[in-house]
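Reviewing the structure listed below.
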Amino acid sequence: MNFSDAVNYISEAENYGIVPGLDNISALCRKLSNPQDKLKFIHIAGTNGKGSVGTFLDSILLEAGYKTGRYVSPAVMDYLEKIQICSENITEEKFASCTERVKKAVDEMLKEGLAHPTVFEIETAIAFCFFEEEKCDYILLETGMGGKNDATNVIDKNILTVITSISLEHTQFLGKTIEEIATEKAGITKQNSNVVTISQNPKVIDILRNVCTAKSAYLKISKIYNISDYSYDGNFQIFSYKDFKDIKIRMLGKFQTENAALAIDACELLNNNGTDISDKHIYDGLLKAQWSGRFEILRTSSPIFILDGAHNEAAATRLRETIDIYFADKKIVYITGSFKDKNYNEIARLTAKRAMKIYTISTTGKRGLKAQELADVIKQYNPNVTAVSDITKAVDNSLSEECDVIIAFGSLSFLSEIKKHLNGE
């Protein structure tokens, strides 16, 4: 099996949709001799911030000399970025060989009359096989959706559970209320484990406390109100948190200081569990961390061009806050799109008034939303909105505007295409 064969095989599995639950992934892992049992996991769940906190922790662990594996979802710029080792994407050759191994296991399952695994279950198994073969020291494992019934929760134990900020999302699968969603995400908590989360909605904290008490797990809460001495010099955000003074990070958006604080507290728990991470590793790791598509500046000359993955209300709120901090007096143009299962009306309410002009683009697939339909909603908040036929036209039109800043956001699904077009690819 070559890389093309592997991609085609996984694409064919898309017919099996999303099937929450652990029966399939458990059966698949058993056929593979349970590679996950040989690995040390830092399991990360939440609505927003999973990728950023994972990036910070991955960078810190690399500075400390550990061999890291990382499993993220969804991919933004490159399909292979879902599975990484030491911040490098899995190679096409390794991906193909691990996929072939997983396919053989799937074929055995089908012969026994078991259900066909979903795409995410297959990709999760591929990641486990790869990390086992590479003998990674630590795995940064992100949930795909939810927690308790997410395929990644097939792991029996972890060395740390990280819960980022939680808000309403995927309500058709995870529950209609913040309490139901928090309960689902807290479901990755293991017996007698360590859990770290960020100070957030009291209802979420109450759920986490109850789950941790029931499982005799220790809960640490990052008190983000201890972040102080904040400044931004055009290249870095600088801040202090507890005993860490003048921390520098390249990842922009003031919310990233909170993700960095959560990573610092996670390191404290890792150190208590036998990991050797010094203050210097933390400073250097935070400084070097970079995560594509999260308030990423692609162009620094006027107009500045920024990509951001804000795709729900909580992320839209943070985006608006960041715009008000960095670009309070600037003329801004948006390029935006959304999936139809997102609350795009609320996202528009939160962000639209700040733009002098908005270009909407269509998203594709079963969840796709037409550009005109999104534009009709945005008109309630900003009449200067135009639906365009394709992404490249939206980019070209925005660059012709007399503006200071262009921000493309709304879904991670189209960011790579924008980046490629802007780079002339």
Side-chain angles (χ1 to χ4, degrees), residues 76-77 232 234-235 251-256 292-339 342-364 368-425:
V76 178
M77 301 302 167
Y232 170 64
N235 295 302
M251 291 166 61
L252 300 182
K254 194 172 181 182
F255 58 90
Q256 293 293 9
S292 186
R294 278 68 174 182
F295 212 80
E296 179 184 9
I297 298 179
L298 299 184
R299 168 175 162 159
T300 56
S301 58
S302 185
I304 297 168
F305 202 111
I306 294 170
L307 292 185
D308 190 72
H311 62 283
N312 55 38
E313 300 98 301
T317 299
R318 293 308 185 89
L319 176 61
R320 175 60 190 264
E321 290 172 352
T322 301
I323 290 170
D324 290 342
I325 292 170
Y326 293 166
F327 308 120
D329 58 348
K330 304 298 182 182
K331 295 179 181 178
I332 301 172
V333 170
Y334 292 158
I335 300 171
T336 188
S338 177
F339 285 122
K342 299 295 183 180
N343 191 350
Y344 47 89
N345 182 84
E346 181 64 9
I347 294 171
R349 186 190 70 80
L350 290 165
T351 60
K353 293 179 182 178
R354 189 62 186 80
M356 59 171 275
K357 176 72 178 181
I358 301 173
Y359 290 100
T360 61
I361 55 180
S362 299
T363 51
T364 58
L369 180 71
K370 296 296 184 183
Q372 189 59 57
E373 188 173 351
L374 179 58
D376 290 342
V377 169
I378 290 175
K379 282 177 184 176
Q380 302 174 72
Y381 309 103
N382 188 331
N384 298 316
V385 56
T386 301
V388 293
S389 56
D390 58 58
I391 292 173
T392 57
K393 184 177 180 182
V395 173
D396 293 340
N397 286 356
S398 65
L399 289 170
S400 69
E401 298 283 350
E402 293 184 4
C403 64
D404 303 303
V405 184
I406 300 166
I407 303 176
F409 73 97
S411 172
L412 294 168
S413 63
F414 52 75
L415 298 190
S416 62
E417 189 173 344
I418 289 177
K419 191 171 188 177
K420 289 176 181 177
H421 181 63
L422 202 63
N423 292 336
E425 298 178 22

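For the pair E321 and R318, the salt-bridge criterion is met [side-chain N within less than 4.0 Å of a carboxylate O]. The residues K331 and E401 are annotated as not salt-bridged, no charged nitrogen and carboxylate oxygen being separated by less than 4.0 angstrom.
With respect to I332, the side chain to side chain contact (heavy atoms under 4.5 Å, CB included) criterion is satisfied by exactly one of I358, I306, I323, I406: I323. Considering N384, N382, T386, N397 in turn, T386 is the only one that fulfils the side chain to side chain donor-acceptor pair (under 3.5 Å) rule with K357.
Between K393 and D390, the shortest heavy-atom contact is N-OD1, 2.7 Å.
Inter-residue side-chain proximity for S338 and L369 is flagged as met; some heavy-atom pair is nearer than 4.5 Å. At a threshold of 4.5 Å between non-hydrogen side-chain atoms, the residues I335 and F305 count as touching.
Between the side chain of Q256 and the backbone N or O of G253 there is no donor-acceptor pair closer than 3.5 Å. Judged purely by atom type and a 3.5 angstrom limit, T336 has no side-chain atom pairing as donor or acceptor with the backbone of T360.
Going from atom NZ of K419 over to atom CD1 of I391 covers 15.0 Å, rounded to the nearest 0.5 Å.
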Can you check side-chain contact (heavy atoms from CB on, under 4.5 Å) on M251 and E296, steps first, answer last? CA-CA 8 Å; M251 291 166 61; E296 179 184 9; over 6 Å; no
Kindly determine whether Y334 and F409 satisfy side-chain contact (heavy atoms from CB on, under 4.5 Å), including the steps that lead there. CA-CA 8 Å; Y334 292 158; F409 73 97; 3.6 Å; yes
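Separation of the Y326 and F295 ring centroids falls under the 6.0 Å cut-off.
Side-chain contact annotation: N345 with Y381, donor-acceptor N/O pair under 3.5 Å present.
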